[in-house]
Amino acid sequence: MMAHFQYAMQGAISLENVHPYQQEMRGINWCFMHNGNVPKFLNFDSCQNPLLGLTGSIENCTYHLVGDMDPEAVFCAILNALKAEFHTLTTMPVLYQMLQRLCAEIVLGEESQSIVSFPLGCG
C-alpha cells in the first residue's frame, strides 16, 4: 500500500490529481507518486505528453494524463517508455538501468530547475 499527503501547489484540487497514480501494464499494477518540480512536464495536456526512450510518437502512447499535474505526466512518460522498450517484464537490474536513463532524460536541459524524487511500485 502506498499513501501520499502533500499540500496542493499546482493544478486543480480534484480527484484526477490525487496521487499515488495507478496504471496497469502487461497485467501488473504500477503505482507512482512524486515530490518535486519537473519544468519540462508542466502545463502539458494529454496529447502533448513528453516522450521518453523509444516511445517515438504520440501514436505509440498507451498512457495519457487524466489530470493536469507534472507527476502524472512523468508517470505516463515512464510507462510509455517501458512499454516501448520491453515486450515482457524484465529483471530488476535491467529495469533499474532503464529508469536511470529515463530520469536523466526527464531533467535534461532543466537540471538546475528540476527536483525529482519518486517511488515507483509494481506488483
Measure the OG1-CZ distance between Thr88 and Arg26 for me, rounded to the nearest 0.5 Å.
-> 7.5 Å
Please walk me through it: do Leu95 and Leu99 pass side chain to side chain contact (heavy atoms under 4.5 Å, CB included)?
-> CA-CA 6 Å; Leu95 180 61; Leu99 289 171; 4.1 Å; yes
Rounding to 0.5 Å, atoms OH (Tyr63) and CG (Leu79) come to a distance of 5.5 Å
Only counting residues at least two apart or in another chain, list the ones meeting side-chain contact (heavy atoms from CB on, under 4.5 Å) with Glu24.
-> Asn29
Just wondering, do Cys31 and Tyr21 contact through their side chains at under 4.5 Å, heavy atoms?
-> no
Should Asn80 and Thr62 be marked as a side chain to side chain contact (heavy atoms under 4.5 Å, CB included) after you check the CA-CA gap, both sets of side-chain angles, and the distance that decides it?
-> CA-CA 6 Å; Asn80 285 318; Thr62 300; 4.0 Å; yes
Side chain to side chain donor-acceptor pair (under 3.5 Å) involving Thr90 - partner list, sequence neighbours excluded | none
Between the NZ atom in Lys83 and the CE atom in Met25, the distance rounded to the nearest 0.5 Å is 9.0 Å
Could you walk me through whether Val66 and Glu72 pass side chain to side chain contact (heavy atoms under 4.5 Å, CB included), step by step?
-> CA-CA 8 Å; Val66 175; Glu72 187 182 19; 3.5 Å; yes
Side-chain donor/acceptor pairs under 3.5 Å, residues 52-59, sequence neighbours excluded:
{"from": "Thr55", "atom 1": "OG1", "to": "Leu52", "atom 2": "O", "distance (Å)": "2.7"}
{"from": "Thr55", "atom 1": "OG1", "to": "Ala81", "atom 2": "N", "distance (Å)": "3.4"}
{"from": "Ser57", "atom 1": "OG", "to": "Glu59", "atom 2": "OE1", "distance (Å)": "3.0"}

So how far is it from Phe32 CZ to Ile78 CD1, rounded to the nearest 0.5 Å?
-> 4.5 Å
What about Leu108 and Leu82, same hydrophobic cluster or not, with Ile/Leu/Val/Met/Phe/Trp/Tyr joined at side-chain heavy-atom distances under 4.5 Å?
-> no
For side chain to side chain contact (heavy atoms under 4.5 Å, CB included), just list the numbers for Glu85 and Arg101, CA-CA rounded to whole Å, side-chain angles, deciding distance to a tenth of an Å, and then say yes or no.
-> CA-CA 12 Å; Glu85 180 82 21; Arg101 289 195 312 268; 4.1 Å; yes
Per-pair distances, 0.1 Å, donor-acceptor, side chain in residues 110-123, under 3.5 Å, sequence neighbours excluded:
{"from": "Glu111", "atom 1": "OE1", "to": "Gly109", "atom 2": "N", "distance (Å)": "3.2"}
{"from": "Glu111", "atom 1": "OE2", "to": "Gly109", "atom 2": "N", "distance (Å)": "3.3"}
{"from": "Ser114", "atom 1": "OG", "to": "Glu110", "atom 2": "O", "distance (Å)": "2.7"}

Interatomic distance, CZ@Phe75 vs CE@Met33, rounded to 0.5 Å, equals 11.0 Å
Looking at CD1 of Ile106 and NZ of Lys40, how far apart are the two atoms once the value is rounded to the nearest 0.5 Å?
-> 8.5 Å
According to the ring-ring contact (aromatic ring centres under 6.0 Å, His included) rule, which pairs have a member within residues 78-98, sequence neighbours left out?
-> none
